[in-house]
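For reference, the structure discussed in these notes is given below.
Proteins come first, then strands; the chains are lettered A, B, ... in the order of their sequence lines, and each starts at number 1.
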Amino acid sequence: MLDREFLRNEPEKVRAAAKNKGEPCLIDEWLELDERRRGHLGETELLRRRRNELSKEVSSLKKEGKEAGSQILESKEASTSLSTIDEELTVVDARMKEMELRFPNIPDPDVPVGKDETFNSVIKSSGEIRTYKFKPRAHWELMGEHLDSKSSGMITGSNFILLRGWAAKLQRILINWMMDFHSDAKMEEVWTPFLATRESMTVTGQIPKLESDMYRVEKDDLFLVPTGEVPLTNIYRNSKLLEKDLPIKIFGYSPCFRREAGSYGKDTRGLNRVHQFEKVEMVRMVKPENSEAALEEMADHVGRMLELLDLPYRVSLLATGDLSFAAAKCYDFEVWSAGQDKWLEVSSISNFRDFQARRGNIKFKPSAGGKPEFVHTLNGSGLALPRIMAALIENGQTKSGKIDLPEVLAKRTGTMTLGGLS
RNA sequence: GGAGGACUAGUCUAAUUGGUAAGGCAGCGGAUUUGAAAUCCGCCGGGUUUUUUCCCAUCGGGGUUCGAGUCCCCGGUCCUCCGCCA
């Protein structure tokens, strides 16, 4: 959500941001309502003031045992006209709030302007892309029956993952390793619910825009979380933190549920795009002046993980058209997929500035005194499992179809090699 | 699913049985002090405003009333208990 004062004073920036993000923009209608609202507000304040005065008079007259008939009558009239104006004010204000939930965040100035991902700029590449003396296979070939699509199809329908044997074990070990890695970096480990209320989903920005992409439990009006960002961020909803509490660095595991309505047919093979995947997510709440540094720090942290996993990766600064609704700036991390000959997105790290904090009313009190300010929120995946699995399997493959593991994982599996096509 | 209780500012706690939100703590600024503690003064929910002022604000939404923290209705969250359950 954007500040009302900002909407009022900088409508052209709001318009430009929406255009660059490919979002509709109702700022003109909003400005009109705002003017109406302020007019009504002045009227109601005068009426209330008069009514308060009369009430005091009535009170003191009654204490003296005198009649207050005329005051009561006038106050009654004031109340009547007040409720008429108030009613309209309520309608206008509700409509404005609804619209405010649909203005996208303003991209940072250094974000490339462009309508889609072709405008993203690669800012870093790391690791050597291995060459193979044979034609590398895709992970679904290497996994064979360990990626049991037939069974998952029976259970939930297409595009769900069912892992068996060594593949299931590898995923469990990866999750543990990731959790330990964050924990060692002095973040607080959190285990959250995996369902969230409509309000929680609104704070982080999935609702209203992406509601149809979410799985919903209708009876309770709960949503299956599309990312751990939702529960982790909402921990601090409606809080007034102290400056000394910042920065808050938390992380947690969650399954992520996405209907991805309309996405069928593209990149849906194997582990690439599924309705449920596993992820370890980091969330931060920081002082506004520190959010840019925090974004870089999180990016470094994720880069180190990929280096330890020995996966070649590149980092892109997303262009406006690829940037999510709530984000001001975002880095995407992609790993090289040897078997599919392409890059797979495994992490995105975003700075939301005060956009989510304003929706969720997350403030902090400066130690130097003064009014509470909104915190800046950030989050980043560290990391998303299925594509990391795919990349590890494809990049580590040997001619015989076995998988060589990076050292950090071999320590945990107790073996350097997994799988093998029999 | 059922019963009872609670909800006031960052936090804790008041408010004439309906009369217009009072304090403590924490925090911030200042005075005093060699320094600190203690003490004293000011600030300490939101909006508006030139400090003033005014309006709003007692979990949310309605209602009764000239006037609601207080009475009534609907909903939420937390706590206790019962039931069900891994």
Does B:A9 have a Watson-Crick or wobble partner in any strand here, with both distances under 3.5 angstrom, and which is it? none
Work out how far the P atom of B:G76 is from that of B:G61, and round it to whole angstrom. 15 Å
Would you measure the distance from the C1' atom in B:U8 across to the matching atom in B:C78 and give it in whole Å? 16 Å
Pairing nucleotide - B:U34, Watson-Crick or G-U, each distance under 3.5 Å: none
Expressed in angstrom and rounded to an integer, what is the separation of A:D220 atom CG from B:G76 atom P? 11 Å
5'-most contact on RNA chain B (nearest-nucleotide basis), A:E45 vs A:K240, goes to A:K240
Say we look at B:A6 and B:C12: how far apart would their C1' atoms be, to the nearest angstrom? 15 Å
Roughly how many Å is it from NZ in A:K97 to P in B:G60, rounded to a whole number? 12 Å
For a quick check under 3.5 Å, do A:R269 and A:N272 share a side-chain donor-acceptor pair by atom type? no
Quick one: is the NZ or CZ of A:K209 closer than 6.0 Å to the six-membered ring centre of A:F325, and within 45° of its axis? no
Starting the side chain at C-beta, find the nucleotide from B:C66, B:U53, B:C56 nearest to A:R49. B:U53
Give me the distance, rounded to whole Å, that separates B:C28 from B:A38 when you measure between the P atoms they each carry. 13 Å
If you check the A:K365 side chain, which of B:C56, B:C44, B:G46 turns out closest? B:C44
With a 4.0 Å cutoff (strictly under), does any side-chain N or O of A:R48 reach OP1 or OP2 of B:C54? no
Please report the distance separating the C1' of B:C25 from the corresponding atom of B:U13, rounded so that it comes out in whole Å. 10 Å
Would you check if there is a donor-acceptor pair between the side chains of A:T197 and A:S200 at a distance under 3.5 Å? yes
Should B:G75 form a Watson-Crick or G-U wobble pair with both distances under 3.5 Å, which nucleotide is its partner? B:C59
Atom-to-atom span, CG of A:L47 to C1' of B:C66 - whole angstrom: 14 Å
Look through every strand shown and name the nucleotide pairing with B:U50 as Watson-Crick or G-U wobble, where both distances are under 3.5 Å. none
If you assign A:E53 and A:K363 each to the RNA chain B nucleotide with the nearest heavy atom, which residue ends up on the more 5' nucleotide? A:K363
N or O in side chain of A:N52 less than 4.0 angstrom from B:C55 OP1/OP2: yes
Roughly how many Å is it from CZ in A:R38 to P in B:U48, rounded to a whole number? 8 Å
Can you tell me the pairing partner of B:A3 across any strand shown, Watson-Crick or G-U wobble, with both distances under 3.5 angstrom? B:U80
Using the ring of each side chain (for Trp, its six-membered ring), is A:Y253 parallel, tilted or perpendicular to A:F194, with breaks at 30° and 60°? perpendicular
Can you list, pair by pair, the side-chain donor-acceptor contacts under 3.5 Å of residues 304-311 of chain A, counting residues two or more places apart and other chains?
| from | atom 1 | to | atom 2 | distance (Å) |
| --- | --- | --- | --- | --- |
| A:E307 | OE2 | A:Y313 | OH | 2.7 |

Tell me: CZ of A:F364 to P of B:A26, nearest whole Å? 23 Å
Take atom CG of A:L246 and atom P of B:G27, then tell me their distance rounded to the nearest Å. 17 Å
Grab the CZ-P distance between A:R37 and B:G47 for me, whole Å please. 12 Å
Checking contacts here: which listed nucleotide (B:G46, B:C66, B:C56) is nearest the side-chain heavy atoms of A:S75? B:C66
Determine the Euclidean distance between corresponding C1' atoms of B:G10 and B:G5; express it in Å to zero decimal places. 25 Å
Quickly work out the A:D3 CG to B:G46 C1' distance and round it to whole Å. 13 Å
Give none if B:G19 has no partner; otherwise give the nucleotide forming a Watson-Crick or G-U wobble pair with it, both distances under 3.5 Å. B:C66
Say we look at B:G45 and B:U50: how far apart would their C1' atoms be, to the nearest angstrom? 23 Å
Backbone N or O of A:S324 within a donor-acceptor pair of the A:K21 side chain at under 3.5 Å? yes
Please check if any side-chain donor atom of A:R284 sits under 3.5 Å from a side-chain acceptor atom of A:T377, or the reverse. no
Rounded C1' spacing from B:G75 to B:A22 in Å: 31 Å
For B:C43, the nucleotide meeting Watson-Crick or G-U wobble distances (both under 3.5 Å) is B:G27
Scan every strand shown for a Watson-Crick or G-U wobble partner of B:A14, both distances under 3.5 Å, and answer none if you come up empty. none
Any base atoms under 4.0 Å from A:S79, or only sugar-phosphate, or nothing? Heavy atoms, all strands. sugar-phosphate
